[in-house]
Amino acid sequence: MKSIDIVVPAFNEEGCLEPFYERLRPVLDGLPYRFRVLIVDDGSDDHTPEVCERLVARDPRVGVLRLSRNFGHQAALTAGLDQAGADAVITMDADLQHPPEALPDFLNAWADGAELVSGVRASKQRARLFKRLTSLVFYKVLNLVSPVKITENAPDFRLLDQKVVRALRDLREQSRFLRGMYAWVGFRQVEVKYDEHLRTAGQSHYRNRDMFLFALSAVLSFSRAPLRLATLFGLLVSGLAFAFGVYALIQNLVFHEVIRGWTSLAVLLSFLSGVQLLTLGVLGEYLGQVLEETKRRPLYLVADARLPELHGSHRPNDDQERGDPG
Ligand code: UDP
Ligand code: MG
């Protein structure tokens, strides 16, 4: 029987985890796979750890990986993927926005040969209008500037074959945008539609500011277009400025009219300083990313782990090969 690891990042989900487990369990019980559920407690400061303990005590298939502090959604997912060792890994949110009932579709697509199955929100979305609009603009802009095609409306509800998981383990960038990384690794990808639901309890952890920073880091890590834009803009403005310089010289030398230029000077000056600051800002953003990457810090720290044994198949990064010979 093939094994499946379900990775569930959870940050302050005391109200969600139990309902989540209750809806997940019957789905798992009805499927012919050997499951493990790995909850990644991303430094919660509510009762999430206790809820996790209860679930671990109740069901031997459930394990928990506790990070030393809150490292963020993408890092928590990475931690889960690093621990997973099954034939395939499913990542899904703890707040039941990703319905467990969709899992059979994912697994069927995998059985049919897909190596990366992406859950795509069906058109009937229940998110707030503002979030829908910003998300639409985000994906359009991102795909305009990114060299790899990033699936729209596909959050981190995925099934990854172990080949894909292994490939992702080699991508250790700090500035992580997994959706882009899934697109970058390639493999045989298939989309599966699902109906998004409202969050079961609590609130989204992404405030508008976080969404903006997330979007910014996605663009910066997946495209050099803004840098090129800065260059193009610089070229354009320099060209215009040169033409204007010639014009001003002719005005001065041929027509001796010098006093009339104040407005144009003022406009030009402020425009040029604007462009210069913008360009510096773009450079600064990329420089900041380079700084973060050169530190080579771990993406997360594990405080403790209680993982169910994975029988049969062995973990790719396992110590087995390193064990005593014979
Ligand atoms: N999450 C996490 N660490 C964080 C923020 C969120 O592990 O710092 C988890 C959260 O518990 C949930 C998932 O990531 O399972 C998605 O987060 P959320 O529902 O807040 O985001 P939204 O669905 O609103 O985009
Ligand atoms: Mg959510």
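We count ligands from 1, going down the list as the structure has it; atoms in each ligand are counted the same way.
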Problem set entry | Those protein residues which place at least one heavy atom below 4.0 Å from ligand 1 | Pro9, Ala10, Phe11, Glu13, Asp42, Asn70, Gly72, His73, Ala76, Asp93, Ala94, Asp95, Gln97, Lys131, Arg199, Ser204, His205, Tyr206

Exercise. Do Leu24 and Leu103 come close enough that some side-chain heavy atom pair is under 4.5 Å?
Worked result: yes

Would you mind writing out the side-chain donor-acceptor pairs for residues 182-191 within the sub-3.5 Å range, not counting sequence neighbours?
unit_1	atom_1	unit_2	atom_2	d
Arg188	NH1	Gly113	O	2.6
Gln189	NE2	Tyr182	O	2.9
Gln189	NE2	Gly186	O	2.7

Problem set entry | Residue pairs, two or more places apart or on separate chains, that pass ring-ring contact (aromatic ring centres under 6.0 Å, His included) and touch residues 89-111 | His98-Phe157, His98-Tyr194, Phe106-Phe157

Exercise. Donor-acceptor pair, Ser223 side chain versus Ser146 backbone, under 3.5 Å?
Worked result: no

Exercise. Only one of Met181, Glu173, Arg179 forms a side-chain contact (heavy atoms from CB on, under 4.5 Å) with Phe177, so which one is it?
Worked result: Arg179

For this session: Decide, yes or no, whether a salt bridge links Asp41 with Arg66 under the criterion of side-chain N to carboxylate O below 4.0 Å.
Result: no

For this session: Tell me the protein N, O or S atoms under 2.8 Å from the Mg ion (ligand 2), in chain and number order.
Result: Asp95 OD2, Gln97 OE1

Problem set entry | Nearest-0.5 Å distance, CG of residue Leu159 to CD1 of residue Ile4 | 6.0 Å

Problem set entry | Lys NZ or Arg CZ of Arg69 over Phe71 ring: under 6.0 Å, within 45° | yes

Problem set entry | Donor-acceptor side-chain pairing of Asp5 and Gln83 below 3.5 angstrom | no

